[in-house]
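The structure under discussion appears below in the form of structure tokens.
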Amino acid sequence: YIQYYFFFFQAEDGIRDFCLSRGLGDVYKRQVPSSVKFQIGSEQIFNDFKEDIGKSFAPSFQTLIPQIPVLIYVGQDDVNVGTIGCWEWILQLPNSYFPNNRHVRQAQKQIWRDKDGNVIGTLKQRDNFYFAVVYKAGHLVPGDSEKSARDMIRRFINGDKDWTQ
């Protein structure tokens with residue numbers, strides 16, 4: 001009996017600084033009938049979830065990275081969680097979080113290609129840690145670029161180290 005664990009991490013989770021949420025209305029209001037009314041935010045929802053807002057998951061990586069594969073991904077066109085800010089956050093993780101003190105910063109950036117040879121992103125990978133940037137995708141990667149998201153998850157689950165082909 002073999003059991004596998006994987007940790008997927010949307011770039012926003014645990015990376016953003018504390019801020020009041022605008023609610024989902026701004027993001028989704030174009031996708032529902034105009035008869036549905038949204039409000040800018042909900043004080044009740046904010047209060048119910050405020051313990052999780054702005055909480056860093058960085059300490060969790062000290063345990064996770066040596067034991068199970070970890071994937072952090074971000075859409076290149078995400079205006080909410082920028083690629084550069086996400087990478088800077090990763091760079092601040094101590095070397096001790098990575099197996100044999102081999103930080104992912106030392107890994108070569110790969111040009112990620114789909115099975116047809118189209119460039120769909122980049123990858124920095126070392127040992128159990130993967131950082132993927134998905135091209136032509138914003139904050140909601142699976143919705144913006146479903147094929148790329150599927151390719152990313154398939155490669156990650158399969159443990160692929162070379163995403164260039």
Side-chain angles (χ1 to χ4, degrees), residues 1-19 21 24 26-28 30-31 52-165:
Y1 176 71
I2 298 175
Q3 192 169 19
Y4 294 97
Y5 296 95
F6 299 98
F7 186 72
F8 301 98
F9 195 77
Q10 169 79 25
E12 176 181 15
D13 301 334
I15 293 176
R16 288 178 51 186
D17 291 329
F18 177 81
C19 66
S21 174
L24 295 176
D26 288 349
V27 177
Y28 295 110
R30 292 182 303 258
Q31 300 175 16
D52 293 332
I53 297 173
K55 186 182 288 183
S56 176
F57 283 86
S60 302
F61 286 104
Q62 186 173 15
T63 304
L64 290 171
I65 294 171
Q67 297 182 34
I68 63 172
V70 173
L71 166 65
I72 295 180
Y73 64 91
V74 63
Q76 182 187 35
D77 301 328
D78 189 339
V79 295
N80 193 20
V81 179
T83 303
I84 294 171
C86 185
W87 179 244
E88 287 298 318
W89 180 84
I90 291 168
L91 290 177
Q92 292 177 23
L93 295 174
N95 285 349
S96 62
Y97 283 24
F98 297 86
N100 302 315
N101 290 319
R102 292 166 30 106
H103 198 290
V104 72
R105 79 171 61 85
Q106 297 145 351
Q108 293 290 340
K109 183 188 291 185
Q110 297 181 35
I111 302 301
W112 168 22
R113 298 179 186 276
D114 66 13
K115 64 181 178 181
D116 298 321
N118 301 308
V119 175
I120 57 174
T122 61
L123 175 74
K124 288 201 80 155
Q125 181 275 324
R126 173 152 285 168
D127 301 317
N128 281 345
F129 189 86
Y130 295 70
F131 175 64
V133 177
V134 184
Y135 290 174
K136 298 182 182 175
H139 191 63
L140 303 174
V141 170
D144 294 336
S145 187
E146 181 181 349
K147 286 175 70 175
S148 298
R150 287 180 184 271
D151 187 77
M152 173 181 65
I153 299 301
R154 180 186 54 77
R155 289 174 186 262
F156 175 68
I157 289 175
N158 288 337
D160 295 350
K161 305 294 186 198
D162 181 2
W163 291 21
T164 62
Q165 43 191 321

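In this text the structure is predicted, and so the values were computed from the model without any measurement.
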Once rounded to the nearest 0.5 Å, what's the spacing between atom OH of Y135 and atom CD1 of I111? 5.0 Å

From NZ (K115) to CZ (R155), nearest 0.5 Å: 10.5 Å

Check: F98 ring centre within less than 6.0 Å of F129 ring centre: yes

Would a distance-only check, ignoring hydrogens and angles, find a side-chain to backbone donor-acceptor pair under 3.5 Å from D78 to V74? no

Can you measure from CH2 (W112) to CD1 (I120) and round to the nearest 0.5 angstrom? 4.5 Å

Could you check M152 against Y73 for side-chain contact (heavy atoms from CB on, under 4.5 Å), going step by step and ending with a plain yes or no? CA-CA 9 Å; M152 173 181 65; Y73 64 91; 3.5 Å; yes

Hey, mind stepping through K136 and D144 against salt bridge (Lys or Arg N to Asp or Glu O under 4.0 Å) and telling me if it holds? CA-CA 7 Å; K136 298 182 182 175; D144 294 336; over 6 Å; no

Consider side-chain contact (heavy atoms from CB on, under 4.5 Å). Of V141, V133, V134, which one does Q76 pass it with? V133

Among F156, Y130, F131, which residue meets the side-chain contact (heavy atoms from CB on, under 4.5 Å) test with L123? Y130

Any donor-acceptor pair under 3.5 Å linking the side chain of K124 with the backbone of A107? yes

Is the closest basic N to carboxylate O distance between K147 and D151 below 4.0 Å? no

Mark yes when over 12 heavy atoms from residues, nucleotides or ligands other than L91 sit less than 6.0 Å from its CG; otherwise mark no. yes

Here the gap from L93 atom CG to I65 atom CD1, rounded to the nearest 0.5 Å, amounts to 6.0 Å

Is it the case that the side chain of N158 and the backbone of D160 share a donor-acceptor pair, with hydrogens and angles ignored and the cut-off at 3.5 Å? no

List the steps and the verdict of side-chain contact (heavy atoms from CB on, under 4.5 Å) for I153 and L71. CA-CA 9 Å; I153 299 301; L71 166 65; 4.2 Å; yes

Go through it in stages, so that I can follow the logic: the residues are D127 and R102, the test is side-chain contact (heavy atoms from CB on, under 4.5 Å), and I'd like the CA-CA distance, side-chain angles, deciding distance and then a yes or no. CA-CA 8 Å; D127 301 317; R102 292 166 30 106; 3.2 Å; yes

To the nearest 0.5 Å, how far apart are CG in L140 and OG in S145? 12.0 Å

G75 versus T83, closest heavy-atom pair with distance: O-OG1, 3.8 Å

Minimal non-hydrogen separation, W163 against A132, with atom names: CZ3-CB, 4.2 Å

Are V104 and W87 close enough that some pair of their side-chain heavy atoms sits under 4.5 Å apart? yes

Just by distance, with hydrogens left out, do R105 and N95 show a side-chain donor and acceptor under 3.5 Å apart? yes

Shortest non-hydrogen contact from Q62 to P66? O-CD, 3.3 Å

Could you give the distance from NZ (K161) to CD (Q110), rounded to the nearest 0.5 Å? 10.5 Å

